[in-house]
Amino acid sequence: MAQIAVIGTGYVGLTTGACFAHLGHGVVCLDVDAHKVARLNSGEIPILEDQLPELVKQGMTSGRLTFTTETAEAVGGAEFAFLCVPTPQSESGEADLTYVEMAAREIAPHIPRDSVVVNKSTVPVGSTRVVERAMRRSDVHVVSNPEFLREGTAVHDFLNPDRVVVGGDDQAAAMRVAELYAGTKAPVVVTDAASAEMIKYAANAFLATKISFVNAVATICEGVGADIRDVVRGMGYDKRIGHDFLRPGPGWGGSCFPKDTTALLRIAEQADYRFDLLEGVIAANLGQFDRTAERIAAGLTAGETVAVWGLTFKALTDDLRDSPSLEIVRRLLKKGLRVQAFDPTVSGNLAVIPEVVITDSELRACDGASVLAVLTEWENFRWVDPSEVANRLSTRRVVDGRNLLDRSVWRSAGFDYQGIGR
Ligand code: NAD
């Protein structure tokens with residue numbers, strides 16, 4: 001079993017650390033956020049992620065998982081150091097590599113010779129070179145190992161990946177990284193660094209394309225009287241298409257798709273290719289936010305209130321980064337509407353949009369509102385009694401941006417129910 005350092009304890013880093021410890025490796029997780037490390041050391045998990053509390057506890061009890069803010073302690077005895085730091089979108093649209101370079105510079109003086117630095121952050125083609133240059137250590141290997149986990153099912157995805165991708169110019173170092181995943185029994189794609197980096201961007205852009213495509217088809221369904229739910233069922237049975245990611249909604253978002261699609265446009269530009277298709281996918285997504293907001297706001301005048309169910313970018317996570325719900329909320333506020341929202345993971349106030357009134361239940365969000373909008377697919381929303389909602393709203397109107405609610409039940413309760421694409 002190997003000794004691993006994980007740099008950055010966010011959604012990817014903490015999952016990586018806990019899962020590698022679960023697979024039997026020794027793991028030290030490093031973060032610059034001292035408060036986060038103190039919480040982790042006291043057994044508190046700073047993010048919502050299924051199975052993660054159990055795995056972290058198991059790792060800490062076994063002694064295979066520890067947390068620190070001290071770089072030397074984390075990497076001094078490491079055979080592998082996984083970089084899991086943010087790569088946000090820069091002003092020009094490219095991935096900002098500041099955190100990656102900083103982390104590489106910090107670990108360089110402490111990491112043993114012949115160890116492997118593994119870039120798990122999503123980074124543009126050529127970033128292994130950036131890490132090599134930042135480290136100035138010719139006796140250390142740098143390998144790319146992009147991560148494909150989904151928030152909400154991160155532990156499951158890490159331990160049961162569809163595939164593991166490892167890319168490096170030194171194939172022996174890449175194979176050493178691939179072996180760390182032996183316990184997951186996943187197919188492994190070992191390739192060069194540029195191809196590994198490209199696989200991650202191409203995969204995310206393809207998934208975003210699938211959603212924008214289905215949202216466009218949903219809009220056409222509305223115009224021709226077809227039901228998108230049956231349309232995607234019929235499409236999905238085709239093995240070349242598949243059922244996954246064929247669900248229409250208010251638009252895609254989250255901490256990865258928006259920045260990664262924009263970064264791929266810049267990568268394409270640098271390769272002298274104008275990626276019109278992907279530009280169209282991004283434009284279609286912005287159009288979907290606009291269309292959903294218009295639908296919710298239809299017939300309302302400034303000062304009226306919209307009840308919003310769901311703020312996170314998807315269910316089962318507490319991550320609000322680039323959430324479609326927030327995109328739509330911003331559009332509603334711009335129209336002079338008020339927003340009263342409930343999300344199971346948000347309490348107090350919403351720092352990113354303080355104008356939103358946060359309530360502590362689905363029904364309280366509806367008090368005095370003119371319309372209800374469902375924007376995140378939290379399962380609990382399905383089971384709220386429409387007659388109780390009707391008692392709180394001034395008009396029986398619901399816009400179900402996730403096709404989550406039972407349309408016939410809501411219509412029987414007297415609601416003007418509008419879903420997406422049906
Ligand atoms: P995050 O923001 O949740 O966590 C990043 C962590 O890194 C933070 O705790 C931060 O304090 C820490 N950090 C920053 N600089 C550091 C340094 N120099 N040393 C030590 N710690 C440092 O980020 P995330 O969502 O886990 O994403 C990390 C990377 O993984 C990004 O490139 C992202 O695109 C990619 N990725 C994310 C997901 C996802 O679902 N979140 C999935 C696949 C890939």
Side-chain angles (χ1 to χ4, degrees), residues 5-19 28-40 45-50 52 67-75 78 81-90 94-111 117-124 127 130-131 134-135 144-158 161-165 196-197 199-201 203-205 207-208 252-264 312-314 316-323:
V6 174
I7 322 300
T9 59
Y11 290 88
V12 169
L14 189 54
T15 305
T16 300
C19 289
V28 186
C29 290
L30 171 77
D31 206 291
V32 284
D33 183 341
H35 179 60
K36 196 184 254 191
V37 171
R39 286 174 73 187
L40 286 163
I45 307 301
I47 52 172
L48 177 72
E49 200 53 71
D50 188 38
L52 197 54
F67 301 96
T68 183
T69 53
E70 299 297 325
T71 310
E73 186 187 332
V75 300
F82 281 76
L83 304 181
C84 303
V85 296
T87 46
Q89 186 174 321
S90 68
E94 287 167 306
D96 178 353
L97 294 181
T98 312
Y99 295 96
V100 171
E101 288 182 77
M102 209 181 285
R105 272 197 299 274
E106 281 160 8
I107 63 172
H110 307 285
I111 193 155
V117 175
V118 189
N119 212 341
K120 205 174 235 326
S121 298
T122 303
V123 287
S127 298
V130 172
V131 173
M135 292 195 37
S144 163
N145 169 220
E147 181 51 59
F148 301 94
L149 62 76
R150 297 161 299 174
E151 286 179 23
T153 51
V155 169
H156 173 272
D157 292 351
F158 191 98
D162 290 340
R163 78 304 208 184
V164 170
V165 173
E197 289 157 346
I199 287 167
K200 174 65 189 174
Y201 280 109
N204 270 1
L207 293 171
W252 43 264
S255 65
C256 292
F257 284 5
K259 75 175 176 65
D260 292 351
T261 46
T262 307
L264 185 53
T312 52
F313 85 92
K314 62 191 266 195
L316 301 176
T317 181
D318 54 354
D319 199 345
L320 293 162
R321 289 178 287 183
D322 282 322
S323 167

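Atoms within a ligand are numbered from 1 in the order they appear, just like the ligands themselves.
Residue-ligand proximity, K36 to ligand 1, at heavy-atom distances under 4.0 Å covers atoms 8 (C), 9 (O). The contact set between ligand 1 and E106, taken as ligand atoms under 4.0 Å from a residue heavy atom, comprises 17 (C), 18 (N), 19 (N). Atoms of ligand 1 found under 4.0 Å from any heavy atom of K259, numbered from 1 in the order shown, are 33 (C), 34 (O). Of all atoms in ligand 1, listed by their number and element, those nearer than 4.0 Å to a heavy atom of C256 are 36 (N), 37 (C), 38 (C), 39 (C), 42 (C). Each of the following atoms of ligand 1 lies closer than 4.0 Å to a heavy atom of T87: 31 (C), 32 (O), 34 (O). For ligand 1, the atoms closer than 4.0 angstrom to any heavy atom of P86 are 2 (O), 5 (C), 7 (O), 14 (C).
Only the side chain of R321 comes within 4.0 Å of ligand 1, counting heavy atoms alone; its backbone N, CA, C and O stay farther away.
Taking any N or O of E151, backbone or side chain, at least one lies under 3.5 Å from an N or O belonging to ligand 1. Polar contact with ligand 1: present for T122 (N/O pair, distance under 3.5 Å). Residue V12 has at least one N or O atom closer than 3.5 Å to an N or O atom of ligand 1.
Nearest protein heavy-atom neighbour of atom 11 (O) of ligand 1: D31 OD1, 2.6 Å. Counting protein heavy atoms only, atom 42 (C) of ligand 1 is closest to L149 O, 3.6 Å.
Between the side chains of E197 and S127, not a single donor N or O lies within less than 3.5 Å of an accepting N or O. For the 3.5 Å distance criterion, the side chains of E106 and T71 fail to qualify, holding no donor opposite an acceptor.
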